[in-house]
Amino acid sequence: MSDTEEPQQKTVIGISYGNSNSSIAFTGPDGKAEVFANEEGDRQIPSVLSYVGDEEYHGAQAKSHLVRNPKTTIAYFRDFLGKSFADIDPTNAHASAHPIQHDSGVAFSVEEKAESGLSTLTVSEITTRHLRRLQESAADFMGKPIDGCVITVPTDFSESQRKLLVEASKAGGLEVLQIINEPVAALLAYAAREETSHPADKTILVVDIGGTRTDAAVVASRGGMYTLLATQHDYELGGRQFDDALIDHFSKEFIKKHKTDPRSNERSLAKLRLECENTKKTLSLSTSSQISVESLADGIDFSSSVNRLRFDMLTKKSVDQIVALVESVVKKAELDLMDINEVILAGGSSHTPKIASRINQIFPASTVVQAPSTMPTALNPAELCARGAAIQASLIAEFEAEDIEQSTHPAVTVTPHLAKSLGVVIAAPEGDAGKAEDKVYVFLESETAVPARRTATFVGSKTGGDILIKIVEAKRESVDVTPPKEEKVNGVDDEDEDDDDDDDEEDIKIFKRVTEVERVLAEALLKDVKKGAKIEVMLNVAGDLTLTLTARVVGSQGGVRGTIPGSAL
Amino acid sequence: MNVVATSHSLPPAEPEWVHEGSFHILEQLSKPVHRNLEPVGPHYLAHARRKRHHRTFSEDDRIVAAQQAKNVEDADSGEISEPEDPLLLQRDPKDWKNQDHYAVLGLSKYRWKATDEQIKKAHRRKVLKHHPDKKAAAGGVDDDNFFKCIQKAMEILTDPIKRRQYDSVDESADIDPPSRKSKANIYKLWNPVFDSEARFSKKKPVPRFGDDKSTKVEVEEFYNFWYNFDSWRTFEYLDEDVPDDNENRDQKRHVERKNKAARAKRKTEDTARLRKAVDDALAMDVRLQKFRKEERLQKDAKKIAREAEEKRLADEAKKKAEDEAKRKEEEETALKASKADAKKAKEAAKNAAKKNKRVLRKGAEDANYFHGEGSAPSDVITNVLADVELLITKLDNEELDSLAKRLAGLKVGEEIKAVLVDGVHSIVSKGSSKDGDFKVLK
């Protein structure tokens, strides 16, 4: 019966395929993306597969097998996809099935069925199985088969890795509509929340702190279009380092009491690792957390507690590394920290309050840091990528495969971007001849993809008469706006909990970024403007960098129009 | 297009504007940087669309807007497309009982098929068009009669009970059954009739009249369904107005009784009407004749097949009997012949045996009963003869024959005795006699 009805809407989902955890999301009819739980109720589904007896375990169940059956449990396999054995860092897979060399790159050797001998599973095959399980969970939840998906990957995933991922997914019966970059997916998750159809131009830093790695990216958001300006990766920094800090801490405590090191035994270590991960998660929400491990080593039960302060101290080194990574990526993008309008923390480890507060510190107060501990309205950082993928999936669900292919083709994506911000000179505010005020109203920020256009209205002069419109290329400069001594300094945090910040610099200067004229491109004259009339100015930059200015007094005909012919690209 | 309202003002021009025209170019834009846009998000998709189709912003805006407008129109078309009957517009809202509520909302081609969604949309559109405020604003007379009609129609069509009551008596949706004499395609005639009647069925789905390809089961199910039709049709809508309770109670009850009776009567009539329609359909249904004919043909075919089978069986039995008789006869003749042969052979053997016995006895006699010279005494003769006789009786015909052959021509008593003793040995070794039985021949 249903066949005769009009074509059903396609069921598409977004998948965040992580090295440690994956999640799946869909976009509801109201346009809101929702991450859904698998059969076990997990929204963060560990990317782990375990073969015990005749059974294949997936997700949290498989992860718990890391303690008892580490040799047949495959974890942390995503980053091995499409790489040669020589190029991989197998450290993370130390406590699970070990990667081995294979013709197609990397593989794992496990006993899939009891008594059937070892079989070799390539990373592609494992990926296929993992994605198939995710797809099954999604289909169960939605109650209908899944027609397609969008998968997120880190920005440093190569073309061949992306291709392999698409193939692996197809082998499992799941059509991949598009592979998108994780930071952009996280951005999209936040962008979709905004009501306006004309998002403001922003420069955004996305810090994705995952289980085994941390990626930072500076993204220019111009008119809702995103351009990656710089990316930075740290493959030895992530939630695991935070777990390790706790493991060391508790191990020392255990040694003190029982003279045995739980780290010396693989099984004890695996047990402790699982519990420390839970303890870490609890510490993100409450200020102290219990840990108890039955029969940790030599049959001795272990139970202890740790508070957040201690945890922050233990993990200071890792947090410092994250901050350093953030600073370096901004530098790599040739920007100043003050140019970042928004910081989005993604990845499960971003729940840690200390990370958010430290990042918040290095940015000016005007910068919004989207993390659960700094922003009550922030989305769950662990779900961002899946949500963004689900939103993208719903946008392109009805597209033909060819349409998607064409739209994502480099011929369309590679676009000239403005090297400098474009704006018009504005009148200096009367009275206060402050140098710390913007001289230029910026229409089009640098890194805006062309063609682009912006329109703004200006308040008319009080006296009336002719008006000068100066089109300029602008730059931003830091201006010292440090208030006189006695005033309260507001850019710097009041009294850090841990006093290990070197407070040598007593004179903390406060800077403000203001726009300055760099180069005047053209001048236009708008004659006989009446007193108090509003002026509408539109700047339109065509694909060949032809700039068109249109200015008129609101509510009247005529005005001024001029074109700067584009230089050859 | 998005316009940002800033709080900034633009600087006044210097009094001496020296350039020609009102626009003066000083420099060109800096060289752009080529970067990769992330192919993600609605704004990127719009950008890709513009770039692929080489559209400018304004062109794209126009095309997208046109497309959207078209989509909206497509979704709504058909509901308002009906022209409004000027007579309908002048209806008196007090006469709502005789009003065609669907026509008022412009849904007369949907009628009972109209969905709640359609009714809601149609109502909104009609209200937008006929709202008294709008008419007054347009300088028209203050006439809200048709607006009242619209509201009444909405009231009835959005209340499921009232809508059923109205649908029950909505004769415009009825399709009259064809007359029995009509010669046209019965499927074209009857299908719409039953499709329209089906709206009253409590049970869903309702079997359709079908076409000449319908199977017998389907046709039977159809008539079975319609002869046991369970209808929700009621006739409350046609009730006379019941007067107020406080006016005259008797009068009120009288009217109520009358209404009840009228409803029952109409219901009975309706049932009878439907029954007649089904009867008519049944009478005109050529498929039933076809099925009957097919059945008869099938039966006949069966009968013929059965007879053929019987005949075949009879033929087979007959042939079998004949074969049997022939075989018996042959057997008998063969038996007779063999019997005669056996008799002859037996006699011959008998004769031969007699002859052989004689040869044996003669042999003994020739050998002078193995007594050397002179005539043998009588007891020797008796013993030898008895032995020979015993030998003869113990030997079978063939042995007798071979013994007789060996004896033939022998004259010497010792040789004859040897031959006979051989014979005795042979029978002793066979076990048919013992050594002690023979007195001489051993």
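In what follows, chains carry the letters A, B, and so on, assigned in the order in which the sequence lines appear, proteins first and then strands, with residues in each chain numbered from 1. Values below: all heavy atoms of this structure, side chains included; hydrogens, waters and symmetry mates excluded. The structure displayed is predicted, hence computed values, not measured ones.
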*So which heavy atom on A:Pro451 is nearest to which on B:Phe57, and how close?*
O-CZ, 3.4 Å
_Gap separating the CD1 atom of A:Ile535 from the NE2 atom of B:His8, nearest 0.5 angstrom_ = 13.5 Å
_Let's test your reading of the structure: which of B:Ala5, B:Pro11, B:Pro39, B:Pro42 forms the most heavy-atom pairs below 4.5 Å with chain A?_
B:Pro11
*Exercise: do B:Ser30 and A:Arg519 side chains pair donor with acceptor under 3.5 Å*: yes
_Atom CD1 of B:Ile161 with >12 non-hydrogen neighbours under 6.0 angstrom_ = no
*For residues A:Val537 and B:Leu10, determine if any side-chain heavy atom of one lies less than 4.5 Å from a side-chain heavy atom of the other.*
yes
*Heavy-atom pairs under 4.5 Å with chain B are the metric here; pick the option from A:Gly224, A:Ala200, A:Ala185 that has the most.*
A:Gly224
*asked:* If we ignore hydrogens and angles and just use 3.5 Å, is the side chain of A:Glu473 paired with the main-chain N or O of B:Gln28 as donor and acceptor?
replied: no
*What part of A:Thr563 gets closer than 4.5 Å to chain B, counting heavy atoms only: side chain, backbone, both or neither?*
backbone
*With a 4.5 angstrom heavy-atom cut-off, could you sort out which part of A:Leu187 is near chain B: side chain, backbone, both or neither?*
neither
*asked:* Take a 6.0 Å sphere around NZ of A:Lys475 and say whether it holds more than 12 heavy atoms from other residues, nucleotides or ligands.
replied: yes
_Portion of A:Asp403 that has a non-hydrogen atom of chain B nearer than 4.5 angstrom_ = both
*Please examine the side chains of B:Lys31 and A:Leu545, heavy atoms only from C-beta on, and report whether any two atoms are closer than 4.5 Å.*
no
_Sub-4.5 Å side-chain heavy-atom contact between A:Thr455 and B:Val4_ = no
*Do the side chain of B:Tyr44 and the main chain of A:Ser407 share a donor and acceptor less than 3.5 angstrom apart?*
yes
_Closest non-hydrogen atom pair, B:Glu27 against A:Val520_ = OE1-O, 3.6 Å
_Atom pair CD/CG of B:Glu38 and A:Leu228 - distance to nearest 0.5 Å_ = 4.0 Å
*Which bit of B:Leu45 is near chain A, if near means a heavy-atom gap under 4.5 Å: side chain, backbone, both or neither?*
side chain
*Supply the atom-to-atom distance B:Ile25 CD1 to A:Leu521 CG, rounded to the nearest 0.5 angstrom.*
10.0 Å
*In Å, rounded to the nearest 0.5 Å, how long is the span from CG of B:Asn36 to OG1 of A:Thr227?*
8.5 Å
_Can you confirm whether A:Glu405 is buried at CD, in the sense that more than 12 heavy atoms of other residues, nucleotides or ligands lie under 6.0 Å from that atom?_
no
*For the side chain of B:Thr6 and the backbone of A:Thr457, is there at least one donor-acceptor N/O pair under 3.5 Å apart?*
yes
_At a 4.5 Å cut-off on heavy atoms, which part of B:Arg35 comes close to chain A: side chain, backbone, both, or neither?_
both
*Other residues, nucleotides, ligands: >12 heavy atoms within 6.0 Å of A:Arg561 CZ*: no
*Start with the C-alpha gap between B:His34 and A:His417, add the side-chain angles, then the distance that decides, and say whether side-chain contact (heavy atoms from CB on, under 4.5 Å) holds.*
CA-CA 6 Å; B:His34 282 266; A:His417 287 58; over 6 Å; no
*Take B:Leu37 and A:Tyr226 through the test side-chain contact (heavy atoms from CB on, under 4.5 Å) and record every step on the way to the result.*
CA-CA 6 Å; B:Leu37 274 175; A:Tyr226 309 115; over 6 Å; no
*What part of A:Phe443 gets closer than 4.5 Å to chain B, counting heavy atoms only: side chain, backbone, both or neither?*
neither
*Separation between NE2 of B:His43 and CG of A:Leu188, rounded to the nearest 0.5 Å*: 9.5 Å
*Going by an N to O cut-off under 4.0 Å, is there a salt bridge joining A:Arg453 and B:Asp61?*
yes
*Taking atom NZ of B:Lys120 as the centre, report whether more than 12 heavy atoms of other residues, nucleotides or ligands fall under 6.0 Å from it.*
no
*So what's closer than 4.5 Å to chain B heavy atoms on A:Val424: side chain, backbone, both or neither?*
side chain
*Worked verdict on A:Thr415 versus B:His47 for side-chain contact (heavy atoms from CB on, under 4.5 Å)*: CA-CA 10 Å; A:Thr415 314; B:His47 164 80; 3.9 Å; yes
*Flag yes if more than 12 heavy atoms outside A:Lys420 fall under 6.0 Å of its NZ atom; otherwise flag no.*
no
*Which of the residues A:Asp466, A:Leu547, A:Val412 is involved in the greatest number of heavy-atom pairs with chain B at under 4.5 angstrom?*
A:Val412
*Could you state the interatomic distance from OG (B:Ser7) to OH (A:Tyr441), rounded to the nearest 0.5 Å?*
9.5 Å
